[in-house]
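Throughout, a chain's letter reflects where its sequence line sits, starting with A, and its residues are numbered from 1. Both backbone and side-chain heavy atoms feed into the values below; hydrogens, waters and symmetry mates do not.
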Amino acid sequence: MNSIVLYLHMHQPLRLKHYSIFSVGQDHDYWTEKDWYAGTNNERIFKKVVEKSYRPMLAKIKKCITLYPGFKFSLSITGTFIEQAEKWAPDILDTLREFAQSGHLEIVAETYYHSLAFFFDKEEFEAQVRMHQDKIKELFGVTTKVFRNTEFSYNNDLAAWADDYGFKGILAEGWEKVLGENPTNLVYRPEGCKNIKLLVKNYHLSDDIAFRFPDKNWSEWPLSSDKYIGWLKKSAESGPLINLFMDFETFGENIWADTGIFNFFEQLVSKWDRDPDCNFLTVSEACDSMEPKAEISVPWTVTWADTERDLTAWLGNSMQHEAMKNLYDLKKDIMALGDEKLTRDWRLLQTSDHTYYMCTKFFNDGSVHSYFSPYDSPFDAFLYYMNTLRDVRLRIDEKTGKNDGQLPKPRVTSMEVR
Amino acid sequence: MKILMLGWELPPHNSGGLGVACLNLSKALAKMGADIDFVVPYEAEHHFDYMNVLSATHIDPLFRYGCSAYDTNVEEKRFKEANCPEMYSIRDIQKNYIRFVEQYLMHFKPDLVHAHDWLTYEAGILAKKNFGIPLVAHVHATEFDRGGASGGNPLIRQIEYEGLLWADKIIAVSQATKNIIVEKYGIPADKIEVAYNGFDAPDDDYHYDGSSYQYIEGLKKQGYTVVSTVGRFTLQKGLAHMMRAAARAISIHPKMVFLFAGDGEQREELMRMSAELGISNNVIFTGFIRGKQLRDIYSISDVFVMSSVSEPFGLTALEAAHHGNALIITKQSGVGEVLRSIVRYDFWDEDKLAGALVNIAESPALTEILKDGIRKEYARISWDDVAAKCIQVYNEVEQNKRNRF
């Protein structure tokens, strides 16, 4: 039996507004951009992606579930996404609940805030995983069993932690440097773990959809579902599990509807479902489908980003490290205070997108490679972030009564002298 | 290819970036095989073995400063004392310049005339109109940049406009400048190429010895961040905004000192402002400086700000980069279009400038990454690329001419 294991990732960060240094001490709302058209207006962006991707793709999936009853998939959905959906498009959550309860959808565990906390503070990390599990239980009535970490960051320590925590499976990038000769299409055991199973992304076949599908310069363009199914079956010769892992926003947002991506998806599902040798599995079912074929060791951290498959897009330059150091240095005070609003703001600042916007990789080599960002430059992203941290620190100091005058209120306003 | 270059100044007899740009461009063009005759409006010893410098008049370059491209308050008496008594104003010098070019063209036939800024456009038009020589107009600054919101001098605008109309092709020093030419003069965009100025690090034996500004060195030892700006103190440079931003930044991070290097009509206003804002102690006016003193300013400062309201290019930013400064540049400055490791802000956005200054002063990571990044970037900006672009334009113009006949 050849099995498609489709896993999608649904995420929207809460972007920081253009938070001026003169807002410090005056304005504690970091997330509400007043300018509707600003790149940092979360509501506008969320509603746009809802129209372009979330609603049409969920409608397509609903159709697939109705017409092709063997179809099922897995999805991770961040806390920052859920909170925005609750406010601006609750119907999305209703649809997902329907899928989850009918058994066509498995929800995958991750950190609530889409953070890189694992690399800074294990205690905080685990708190966020638990928070996410509780939220999913409350919202969809299901318990998550398989874990994925932010940006698919993975190493032996993470696998050991997930094993101890009790997850049955964990997801990672299926990179040759990690797998060696092993194919992506089997179940593995992370080194030193007792129970947990490892599923790895088939990045060739995943990226054929997620990246290459709309590329008119690609020799395989236009990609038909028949041709693609041929590749899937060829791949299945090395193992039955075809792990197609990608962002949910691939459909409609990263790749627009006019490329035919939605119809390609439906064709793929319908043809695969009708083929008696083929089926769909959720990530848990894939884990259960076989015993681990080999032990995989990843002593360094691997992600699903860039050709380097490392964390350098998030933690590659000195700004990113300084920002994270300043952020996690606040933990003790934040935890001691236990202030709900303050804790939430502090955690929202952990979302990995914030440091991604500060990325300067390939910045000076004259290439056109650029990382998507709502800010003019990585330096702007850093400025607004650090200004926000100043305000968080000020709020902490005000609550603990140890305002040491480090940050006096501005005494000159721009209107004084003209 | 024989090029007649029409310019107004060359170093060391220059008052600003125009002369530096013309010299470096000619040097790079000569390397690529261009045979250049360069006309200047004054008489002085220029020793360049890669091109011929021709003097259009006999006046001394010292007096030519009085009628520089930027000085609108020409003092007539300076010209009466000049060694060429019939020239009283910049218009008289321009008439002599045109007459010289006319004489030249009666004897020689260059393949192309390359004219730099409005000062030489009338001579360029004459070459095109009366002698049929193709004209390339190079725009280092428009009158709208120089004159600010008022639009400047209508006579200059008229000459600039005619030059741009007559030109076979226009070279603008930035996209911002190209936009002005399209929007204000209605010139079709496809007639204009953008060629950013280059920068070649001087290969002399300059080294910073810390002797020029010992007081500032002392402040640095106390942990002060040194912020500098260099240029003429005119409205175009946006220095009043910068001064207010300085005050706001100091209100949060007091250990900051600002060097305002240069001179101009706004000097007293800026001094008064610094006093009214209560930051006189943190602001230092150096007066007009050049040479080693100027380079020491770049060497001593940590951050360089280009606060211009409208800056066609802005060579000083690259000089500051060469001396290891972190750069903060307005979005209205052309040089910002070619650099990435900089903080950009709108010239009126005093809060953002102040915020950037405070963050740079307080964050070693930000300072390091800006300095490190800009060091990699500015070195790639070369006059050879500018010259190659010019040659491309020359060939295109020549091709069009041949097609016409």
- Pick one of side chain, backbone, both or neither for B:Leu339, based on which atoms fall under 4.5 Å of a heavy atom in chain A. neither
- A:Asp376 with B:Lys331: basic N within carboxylate O range, under 4.0 Å: yes
- Taking C-beta and beyond as the side chain, do B:Ile252 and A:Phe22 meet within less than 4.5 Å on heavy atoms? yes
Approximate separation, where rounding is to 0.5 Å, of [X] [atom1] and [Y] [atom2]:
| X | Y | atom1 | atom2 | answer |
| --- | --- | --- | --- | --- |
| B:Arg248 | A:Ser20 | CZ | OG | 7.0 Å |
| A:Ile21 | B:Lys352 | CD1 | NZ | 13.0 Å |
| A:Ser318 | B:Asp372 | OG | CG | 8.0 Å |

- Item | Results of salt bridge (Lys or Arg N to Asp or Glu O under 4.0 Å) for A:Arg309 - residues two or more places apart only | A:Glu173
- Message: For A:Phe120, is the CZ atom crowded, meaning more than 12 foreign heavy atoms sit under 6.0 Å from it?
- Response: yes
- Message: Going by ring pair (Phe, Tyr, Trp, His ring centres under 6.0 Å), name the residues that satisfy it together with A:Phe379, two or more places apart in sequence or in a different chain.
- Response: A:Phe363
- Determine the sole option in A:Met358, A:Met319, A:Glu322 for which the side-chain contact (heavy atoms from CB on, under 4.5 Å) test with B:Leu366 is passed. A:Met319
